[in-house]
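Data first, discussion second: the structure below is written as structure tokens.
Lettering follows sequence order; numbering is per chain, from 1. Worth saying up front: this structure is predicted, and the values here are computed from it rather than measured.
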Amino acid sequence: MKTVRIGNGCGFWGDSIDAPIRLAQRGRLDYLTLEYLAELTMSILALQKQRDPDTGFAGDFLDVLQRLAPTLQQQPKLKIVTNAGGMNPTACARRAKEVLQKAGLTRRIAVVSGDDLLPRLDALLAQHPFTNLDSGEMLQTIRPRVVSANAYLGARPIAEALKQGADIVITGRVADASLTVGPALAEFGWAWDDWDRLAAATIAGHLIECGAQVCGGLWCNWREVADWADIGYPFVDLAADGSFTISSDAGPGVNRETLAEQLLYEVGDPIRYLTPCVVADFTSVSLQTIDNRTMRVSGAHGSEATSTYKVSIAYRDGFMASGTLMIAGPDAVTKARLCGAALLQRIGVSVDRSHIECLGAGACAPGVIVPSIEPSEVMLRVAVHDGRKEVVERFAKEFAPLVTSGPPGVTGYTTGRPAAREVFAYWPALVEKSVVQANVEVL
Amino acid sequence: MMTLSQFAHGRSGDKGNHANIAIIAYTPAGYDWLRANLTAEVVAAYFAPMQPSRVNRYEAPNVLGLNFVLEDILAGGASRSLRVDTQGKTLALTLLQMEINPPNPEAMTRNKEQPQ
């Protein structure tokens with residue numbers, strides 16, 4: 001049976017810049033996917049594009065592409081599918097073409113767009129309330145503050161781009177798993193309503209979309225990882241019937257435990273994992289150990305996709321800052337709490353939201369994990385959120401004084417004043433598929 | 001006293017202001033015990049200081065997994081939370097530290113020599 005090998009060399013913007021090159025060199029891939037867009041990345045890219053119309057995409061991709069050039073010389077058939085386009089896939093593609101030309105390479109680049117709903121948001125609002133999926137509120141309440149609104153497109157335009165002969169597909173917002181489902185559709189010619197196979201490829205894509213997380217990263221039995229420096233990145237060998245094996249190019253590989261942890265990562269109801277292309281049942285698959293670093297996944301079941309796309313909306317929501325001070329010696333926690341409270345009082349006005357925590361004394365699960373022994377030192381961390389930038393900036397100036405005007409044992413003020421940063425809050429919503437048109441353009 | 005981590009592994013992450021925690025048993029016997037005893041109510045009570053508004057539990061028997069969704073536990077989520085762990089990345093390890101007392105711990109313990 002024909003198989004296609006798809007590997008993912010990047011799990012988020014900020015992930016290793018060596019991993020994609022190593023994976024392409026060692027993985028003998030048919031497709032390299034690179035995933036750059038977290039929920040709120042689009043809002044940052046939207047503001048970049050407002051300032052400079054030639055930006056608004058994941059710039060890291062250009063560096064990766066440049067460093068991939070020698071590998072692309074050696075592997076002329078290797079294709080790349082990435083959502084690095086962000087808010088400006090056309091500009092990203094133009095720059096990518098320049099990078100390739102400088103390296104003496106000719107590749108057909110395709111752009112997938114149509115996810116950006118902001119230019120026609122008001123027209124859409126006439127028919128779609130864009131109700132917040134979590135809170136039930138209507139978008140009208142925050143409409144003037146919206147900075148980005150993107151539908152999660154599916155695999156179909158990616159598959160169309162590949163069928164039109166693209167070697168590199170650059171998209172805006174698409175569902176993460178679509179980076180894998182697209183190549184599978186293009187290779188195998190599955191029907192758009194072949195739900196079981198679409199579910200299989202979706203599960204493959206979900207498993208590799210976070211990079212090393214499926215092959216050693218975050219593994220609870222981390223002591224069994226021999227070489228953390230070269231942890232390895234994952235690839236699947238997907239067959240025409242939808243079954244696949246999954247392994248990695250280095251490190252501990254994929255086993256039943258690493259696979260199970262990632263299968264349920266950031267999942268709600270595992271029986272109904274919603275994507276633009278299919279509703280996948282993650283509980284339908286059987287796992288089989290092939291060898292100590294390879295698993296086989298088969299039997300995926302899916303059902304008809306919903307009539308809507310998920311939409312990720314970001315809106316301006318004031319300013320935040322956080323700073324830290326080291327508090328050492330006896331009674332470290334008591335002194336840290338005292339410093340935190342004094343710091344907030346010294347601002348002179350009350351802030352909308354604030355939080356004092358003692359890193360080293362149960363900050364990650366406040367009240368749930370309480371250390372049984374008083375720590376000999378803790379890191380005081382104070383964070384505030386307020387609509388007034390000047391108040392947040394004032395807050396940032398109150399860390400340094402505590403080095404001389406607080407209790408004994410305060411140190412570690414070396415990194416300067418924390419910066420006030422603009423907050424973009426997240427607003428998840430739905431939009432009918434019929435009003436969104438995905439565009440494919442081969443350059 | 002034993003902890004959940006002796007009988008299960010897991011992973012957690014965010015979905016907006018909600019977090020999910022997957023708890024995966026090492027053995028089928030462990031899965032049966034967890035399914036009966038690690039209920040949504042038990043998990044909600046454990047995390048009560050962090051004030052989840054609601055806890056839902058889903059089952060994934062193919063991987064011996066229970067998936068808990070803890071609503072509104074992230075104090076604003078990735079974009080607005082003031083906590084150091086904005087995305088609930090550490091919550092699985094928190095839950096795995098829960099003290100439990102199963103009657104037949106040997107049948108629930110990981111055996112890494114045993115072929116899977």
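In this structure, Glu357(A) contributes its side chain and Val84(B) its backbone to a donor-acceptor pair below 3.5 Å. Checking side-chain atoms of Asn62(B) against main-chain N and O of Ser286(A) turns up no donor-acceptor pair under 3.5 Å. Side chain of Arg83(B) to main chain of Pro366(A): no donor-acceptor pair is present (N/O by atom type, distance under 3.5 Å, no hydrogens or angles). Arg353(A) places a side-chain N or O within donor-acceptor distance of the main-chain N or O of Arg80(B), the cut-off being under 3.5 Å.
Take Arg272(A) and apply the side-chain contact (heavy atoms from CB on, under 4.5 Å) test, not counting sequence neighbours, and it matches Asp269(A), Leu274(A), Val279(A). With sequence neighbours excluded, the residues forming a side-chain contact (heavy atoms from CB on, under 4.5 Å) with Met379(A) are Thr324(A), Met326(A), Leu359(A), listed by chain and number.
Neither the backbone nor the side chain of Ser5(B) comes within contact range of chain A, judged by heavy atoms closer than 4.5 Å. For Val285(A), the parts sitting under 4.5 Å from any heavy atom of chain B are the backbone and the side chain alike. Only the backbone of Phe424(A) has a heavy atom closer than 4.5 Å to any heavy atom of chain B. Proximity to chain B (any heavy atom under 4.5 Å) is restricted, for Glu224(A), to the side chain, taken from C-beta onward. When heavy atoms are compared at a cutoff of 4.5 Å, Pro428(A) does not approach chain B at all. Of the two parts of Leu218(A), the backbone and the side chain both hold a non-hydrogen atom closer than 4.5 Å to a non-hydrogen atom of chain B. With a threshold of 4.5 angstrom between heavy atoms, Ser135(A) does not approach chain B through any atom at all. For Ser354(A), the part lying under 4.5 angstrom from a heavy atom of chain B is the backbone only. With a threshold of 4.5 angstrom between heavy atoms, Trp219(A) approaches chain B through its backbone and through its side chain. Proximity to chain B (any heavy atom under 4.5 Å) is restricted, for Asn221(A), to the side chain, taken from C-beta onward. For Glu71(B), no part sits under 4.5 Å from any heavy atom of chain A, backbone or side chain. Only the side chain of Tyr26(B) comes within contact range of chain A, with heavy atoms under 4.5 Å apart. For Asp14(B), the parts lying under 4.5 angstrom from a heavy atom of chain A are both the backbone and the side chain. Interface remark: Ile21(B) contributes no atoms to any contact with chain A (heavy atom separation under 4.5 Å).
Counting heavy-atom pairs under 4.5 Å between each of Gln213(A), Glu261(A), Arg381(A), His355(A) and chain B puts Glu261(A) at the top. In terms of non-hydrogen atom pairs under 4.5 Å with chain A, the most contact-rich of Ile23(B), Ile24(B), Leu64(B) is Ile24(B). If you tally non-hydrogen atom pairs under 4.5 Å between each of Asp134(A), Val267(A), Val423(A), Leu263(A) and chain B, the highest count goes to Val267(A).
For the pair Leu82(B) and Ala383(A), the tightest heavy-atom approach, listed with the atom from each and the gap, is O-CB, 3.5 Å. The minimum heavy-atom distance between Tyr426(A) and Ser79(B), with the atom names listed, is N-OG, 3.6 Å. Scanning all heavy atoms of the two residues, the minimum distance from Cys220(A) to Gly10(B) falls at SG-O, 3.2 Å. Leu91(B) approaches Cys364(A) most closely through the heavy-atom pair CD2-O, 4.2 Å. Between Thr94(B) and Val368(A), the closest heavy-atom pair is CG2-CG1, 3.6 Å.
Atoms CD and CD, from Gln87(B) and Glu266(A) in turn, are 7.0 Å apart once rounded to the nearest 0.5 Å.
Gln51(B) CD: 12 or fewer foreign heavy atoms inside a 6.0 Å radius. The 12-atom threshold is not exceeded at CZ of Arg54(B), counting heavy atoms of other residues, nucleotides or ligands nearer than 6.0 Å.
No side-chain heavy atom of Asn67(B) sits less than 4.5 Å from a side-chain heavy atom of Phe282(A). Between Glu59(B) and Thr283(A), the closest side-chain pair of non-hydrogen atoms is not below 4.5 Å.
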